[in-house]
Amino acid sequence: MTAARTPRRPGRRPGRRTERRTERRTTHHPTHHQGATMETTDLRRVIEQQLALSQQLRSRIRELEDARSAPLAIVGMGLRFPGGLNTPEDYWDFLLGDGDAVSPVPEDRPGLRAVHSPGGPRPGRSYVDRAGFLGSVDRFDPAFFGISQREAEVLDPQQRLLLATSWEAMERAGIPVRRHDRLRAGVFIGLMTSDYGDRLAHREDTRAAIDPYYGTGGGHAMAAGRISYVMGLSGPAVTMDTACSSSLVALHGAARSLRSGECRYALVGGANVFFSPDLMVSLCQSRALAPDGRSKAFLDSADGYGRGEGVGTVVLMRLADAEAEGRPVLAVLRGTAVNHDGASSGLTVPNGPAQAEVVRAALADGGIGPEEVGYVEAHGTGTSLGDPIEAGALDSVLGTGAPGRPAPLALGTVKARIGHLESAAGIAGLIKVVLMLRAGRIPASSPERDGPLNHLIPWRRMKLHVPRRAEDWPAGYGRRVAGISALGMSGTNAHAVLEDYRPAAGPAESAAAAATAVGAGRGSRPELVTLSARHPESLAALAERTAAHLRGLPAGRLAAACATLREGRVAFEHRIAVTGTGAAELADALTRAEETRRRAGKMAPAAVRLRLGPDRVLVEKGLNDVLTAFPSLRSDDDATQEAGTVFRRLLAGFGLRAEEGRPLPASAANVAELSWDGGAAPLLNRDPEAAPGLLLEALAELYRAGCDLRFPGLRAPGTVLSGDLPTYPFRDRSCWIGEPLPAAVPVTGGAGAGAGEETGNDAGDETGNGTGDETGDDGITAITAFLGEELVRIMRTEEDLDTGLTFLDAGGDSFTAMQLTVGIEERYRVEIPVDEVDIELPLSELFGRLARYIAENADHTPEEAGS
C-alpha cells in the first residue's frame with residue numbers, strides 16, 4: 001500500500017519553501033542580525049575588561065609580593081662597645097687588629113667585685129673577674145634630652161646609652177629629629193636585663209629611696225618608649241626579650257614593620273649593661289662562663305663564654321626610599337627569619353636542625369642562594385656543646401649543603417674580641433658585618449696565638465673556614481653576601497642576610513661634583529654650613545671637630561658634607577652659619593665664627609620683606625645665576641613668572657614667608673634685598689654672578705637669627721648625604737646611684753638617700769609657711785623666686801635655670817609638675833588646678849602665671865601663717 005501524497009501546486013519547484021524560509025530568516029529580519037553583532041561587540045568588550053582587570057590584579061599581586069620581600073637599607077649606626085669604641089670608625093680599626101677588649105671588673109661595680117672567688121663554682125660566688133666592660137656608664141647629658149638630673153640618676157644606664165646611640169645613628173643617616181614633626185619611625189629594641197634599679201630597692205629605707213621615677217627608670221617597655229617619646233616618633237615602639245637573640249629578633253620585627261608600611265624609618269638597637277652580681281653567680285654555677293672572661297669560639301680551648309657590655313643602634317628604611325631621599329646606604333638587608341628550637345633535649349640546649357631551618361628561611365626571605373653567602377657572623381659563644389652544633393648546622397646549609405659555592409664559607413664571631421654582649425650581641429655582629437661588606441675585608445676571628453681549632457668539629461669534612469688573620473673577601477662571588485646568627489638561651493633563633501650596596505647609576509659624588517659648577521671661570525659654587533647646639537660648650541666642640549673633618553675632606557665630597565650638616569641636623573638655640581667656596585675656606589670660617597658665636601634670638605622673624613630695585617634686567621640675570629647654581633630650586637613655571645614671584649617661591653621653599661617691601665631706589669647699591677625686624681641682608685647687587693653667595697649669606701644671617709629653615713633646595717642633584725660626619729658632642733656628667741654598702745656601714749649622701757627628701761620641704765622650713773604679705777609686686781617676686789628654687793631642688797639641677805626654656809625643655813615632666821604643686825601647697829596652702837601648670841610654657845611665663853594665682857588664692861591668716 002502506497003503512502004498518500006499532498007497535491008503539488010502547478011509551477012512550484014521542490015525545495016522552494018525551504019529556500020524561502022531560509023531567506024526570511026536571513027534577509028527579511030535585519031534587526032536580528034544587528035542584535036547578534038551587538039552581542040559580539042559587548043562580549044569582546046567584557047573580555048577586554050576582564051583581561052585588563054586580570055593584568056591589574058597580577059600586577060598588584062606582584063607589587064604586594066615585592067613589598068613583602070623588599071630590600072632594606074641600613075643608613076646610620078651608633079654604638080658604645082668595650083675598649084672605648086664609640087664610633088663605627090673606632091670599631092672597624094679595632095676589628096682589623098688582633099687584640100681584645102676584656103678588662104677587670106671596674107671600681108664602680110663593687111657588687112661584682114665582692115662575689116668573686118677564684119676556682120670552681122661555689123654557692124653565692126663567681127669565679128669570673130674579667131669581662132668586656134663599658135667605661136663611664138655613669139656619664140650622661142640629661143639636659144640635651146630634656147631630662148632632669150634627678151630623673152637621670154634613677155634612669156637605667158642602658159636607656160641613657162640607647163638615647164645617645166639612637167641620636168647619633170639618626171644624625172649619621174642625615175635624618176633630623178624635630179620632636180613635633182612626629183616622624184613616622186618605629187623603635188625596636190632588644191633588652192635582656194635591667195638591674196640598675198636594684199640599688200634603690202635593696203636599700204634599708206626602701207620606701208624613702210623609691211620615688212616616681214623608679215617605675216619608668218628601668219622597665220623594659222620604657223627602653224623603646226622613651227626613645228620614641230624623646231624624639232617624637234610615631235611608629236611602633238617595642239622592646240623584645242629573647243635572651244641572647246633579642247636584638248636580632250628586634251631587627252626581624254623592624255623589617256616586617258617597614259615592609260608592611262607601618263613606618264618609614266626604623267631604629268633597631270640592643271643594650272646590655274650588668275650591675276647585679278646575681279646573674280654572674282648563676283651562670284658560674286652552671287659553668288657557662290669562661291674563667292678568663294674570654295669567648296674562644298670554635299677553638300680547642302673553648303671553655304665557656306665571656307660576658308660583655310655594649311649598646312648599638314642602626315637606622316633602617318626601604319632601599320627604594322633611601323635612594324629617593326639620598327641617604328648614605330651602608331649595606332642592604334635582604335632577608336630575616338626567626339624560629340624556636342621546639343622540643344629539644346633541654347630548654348637551654350641548642351637544636352642543630354632548628355638552626356639550619358632559620359638560616360634557610362632567611363635565605364628564602366631575601367631570595368639569596370646558599371652558595372652566594374661568603375661569610376657568616378656566627379653566634380659562636382665558645383662552649384664545647386654549642387660550637388660543634390652550630391658549625392654542623394651552618395655547614396649543612398651553607399657549606400657542604402651548597403655544592404656550587406666558589407670557596408669555603410668564612411666563619412667568625414666578634415664575641416672572641418669584645419665578649420658576648422647577650423641581648424646586644426646581635427646588633428654588635430650586625431654592625432661588624434656592615435663594616436665588612438663596605439670594606440670587602442674579613443677580620444680575624446681569633447689570632448693564631450689562641451691555639452688550634454676545636455677538634456670536636458670535623459673541619460676536613462666541612463666547607464668552613466675560620467680566618468686567623470684579616471683577609472680580603474674571597475674571589476669568585478658575584479656579590480658580597482653575609483649572614484649573621486643569634487641563638488637565644490630561651491630557644492629563640494634568628495638569622496639575617498645582608499649584601500653590600502652597589503648603586504645602579506655609579507658614584508653619586510661624581511654627578512654631584514659636576515653639578516656644582518656655577519659658570520665658566522667661576523669655579524666651585526659657594527656652600528653654606530650650619531651648626532648648632534643646646535650649649536655653647538657643645539657648639540665649640542662641634543665647630544672644632546667639623547673644621548678638622550672639612551680640612552681632611554676630598555673635594556668631591558664637600559657638597560655631600562655641607563648638605564648633611566644643613567639638612568640632617570636639628571637647629572638648636574646656639575648657632576653658627578658660615579659660607580665659602582672650598583673645604584679649607586669653610587673650615588677657617590668655622591674657626592673664626594666660633595669666636596663670635598651667639599645664641600639665636602628668642603623671637604625669630606615671622607616674615608621677611610623682599611625689596612626689589614627698578615633694574616629688572618639685573619634682577620632677572622641675578623635670579624638666573626641663583627637657579628643655575630642651585631638647580632634644585634628651579635620650577636617649570638619660572639619662565640612665565642615675574643622675578644618677585646619666583647623669589648617669593650624660593651624663600652617659601654626655605655620655610656620663609658616673604659612679603660612685598662618698599663621698592664629699592666635706582667641709586668641703591670643692591671638691586672634686591674631682604675629685611676626683617678632686627679636685620680637686613682642683600683640678595684642681589686650689581687654683580688649678578690655674586691647672587692648665589694649673597695643668597696647663602698642672607699640664609700646664614702636668618703639662621704643665626706633663629707629661623708627654622710629647611711635647606712633641601714640647596715642640595716645639588718645626585719648628591720648623597722654623608723654618613724661619617726662628626727655627631728653631636730654631648731656634655732656628659734655623672735648621673736649615678738652608688739651601690740648600697742653593707743648593712744653595717746651607714747649609707748650617707750647619694751641620690752638614693754636624697755630620693756626621700758621630697759617628703760619635707762626644706763625651702764618652706766627655712767622661710768616659714770606663707771608668712772608676710774605676698775599679694776603685692778614684692779610678694780609676686782618672692783613667690784617667683786621660690787618657684788625657681790623649688791624646681792631646681794626637685795630636679796637637682798646643678799646650673800641656673802634658663803627661664804626662656806619651656807618646662808619640658810628644662811627637664812620637667814608630669815612627675816616634676818606634681819612635686820612642684822605639692823611644694824606650693826605645703827608652703828602657701830593653696831591647691832593648684834592642673835590646667836594652671838602648662839608644661840609647654842616658658843618657665844618665665846609659667847612662674848609668673850603661678851605666682852599671680854598663688855598671690856590671689858593663698859590663705860594668709862595670721863593663725864595659719866604662724867602654724
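Throughout, residue positions are numbered sequentially from 1 according to the sequence presented.
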Note to self: I'd like to know if the side chain of Y91 reaches the main chain of A428, judged simply by a donor and an acceptor atom lying under 3.5 Å from each other, with no hydrogens or angles considered.
What the structure shows: yes
Notebook entry, point to check: Any idea which heavy atoms bring P726 and L542 closest together, and the distance?
Noted result: O-CD1, 4.3 Å
Checklist line | side chain to side chain contact (heavy atoms under 4.5 Å, CB included) assessment of L251 paired with L333 | finding: CA-CA 10 Å; L251 178 74; L333 178 64; 4.0 Å; yes
Notebook entry, point to check: In terms of heavy-atom contacts, does CD of E544 have more than 12 from other residues, nucleotides or ligands at under 6.0 Å?
Noted result: no
Check: Can R150 be said to sit on top of Y213's aromatic six-ring, NZ or CZ under 6.0 Å from centre and within 45° of the ring axis?
Finding: no
Notebook entry, point to check: Which class fits the ring pair Y728 and F144: parallel under 30°, tilted 30 to 60°, perpendicular over 60°?
Noted result: tilted
Note to self: As a quick check of understanding, evaluate side-chain hydrogen bond (donor to acceptor under 3.5 Å, both in side chains) for Y305 and E422, giving each step before the final call.
What the structure shows: CA-CA 10 Å; Y305 80 85; E422 297 167 338; 2.9 Å; yes
Margin query: For a quick test of reading the model, state the closest non-hydrogen atom pair linking A439 to W92 and the distance between them.
Written below: CB-CZ2, 3.5 Å
Notebook entry, point to check: Under 6.0 Å between the ring centres of H252 and H495?
Noted result: no
Next item on the list: Verify, without hydrogens or angle tests, whether S245 (side chain) and T492 (backbone) share a donor-acceptor contact under 3.5 angstrom.
Entry: yes
Check: If you draw a 6.0 Å radius around CZ in R122, do more than 12 non-hydrogen atoms from other residues or ligands fall strictly inside?
Finding: no
Item checked: Derivation and outcome, ring-ring contact (aromatic ring centres under 6.0 Å, His included), residues W736 and F140 -> CA-CA 9 Å; W736 192 245; F140 182 56; over 10 Å; no
Next item on the list: Just say parallel, tilted or perpendicular for the rings of W167 and F145, cut-offs at 30° and 60°.
Entry: perpendicular
Checklist line | Donor-acceptor contact below 3.5 Å, side chain Q149 vs main chain S734 | finding: yes
Notebook entry, point to check: Ignoring hydrogens and geometry, is there a side-chain-to-backbone donor-acceptor pair from T165 to L161 under 3.5 Å?
Noted result: yes
Checklist line | Salt bridge flag under 4.0 Å for residues K415 and E390 | finding: no
Next item on the list: Using modelled atom types only, decide if a donor and an acceptor are shared between the side chain of R294 and the backbone of V102 within a distance under 3.5 Å.
Entry: no
Check: Could E107 and R113 be called an ion pair, given the rule that one side-chain N must be under 4.0 Å from one carboxylate O?
Finding: yes
Next item on the list: Without swapping roles, check the side chain of R130 against the backbone of V105 for a donor-acceptor pair under 3.5 Å.
Entry: no
Next item on the list: List the steps and the verdict of side chain to side chain contact (heavy atoms under 4.5 Å, CB included) for R534 and L539.
Entry: CA-CA 8 Å; R534 286 195 182 276; L539 184 58; over 6 Å; no
Next item on the list: Check the side chains of E309 and N272 for a donor-acceptor pair under 3.5 angstrom, ignoring hydrogens and angles.
Entry: no
Note to self: Can a side-chain donor-acceptor contact be found between T193 and D195 if the only test is distance below 3.5 angstrom?
What the structure shows: no
Check: Side chains of R731 and S538: is there a donor and an acceptor less than 3.5 Å apart?
Finding: no
Notebook entry, point to check: Counting N and O atoms only, with roles assigned by atom type, does the side chain of Q158 sit under 3.5 Å from a partner on the main chain of V273, one being a donor and the other an acceptor?
Noted result: yes
Margin query: As a test of understanding, state which of T381, T383, D303 forms a side-chain hydrogen bond (donor to acceptor under 3.5 Å, both in side chains) with K296.
Written below: D303
Item checked: F133 and F274 aromatic centres sub-6.0 Å -> yes
Next item on the list: Drop me the distance from I418's CD1 to R307's CZ, to the nearest 0.5 angstrom.
Entry: 14.0 Å
Enumerate, atom names and distances included, each donor-acceptor pair closer than 3.5 Å involving a side-chain atom of residues 429-436, sequence neighbours excluded.
residue: K432; atom: NZ; partner: Y375; partner atom: OH; Å: 3.1
residue: K432; atom: NZ; partner: E377; partner atom: OE1; Å: 2.9

Next item on the list: Indicate yes or no: does D138 engage R733 in a salt bridge with an N to O separation below 4.0 Å.
Entry: no
Next item on the list: Could you pull out the closest heavy-atom pair between L330 and R438, with the gap in Å?
Entry: O-CG, 3.2 Å
Check: Can you tell me if R417 uses its side chain to pair, donor with acceptor, with the backbone of F94 under 3.5 Å?
Finding: yes
Checklist line | Lys/Arg-Asp/Glu bridge criterion (N-O < 4.0 Å) met for E89, R172 | finding: yes
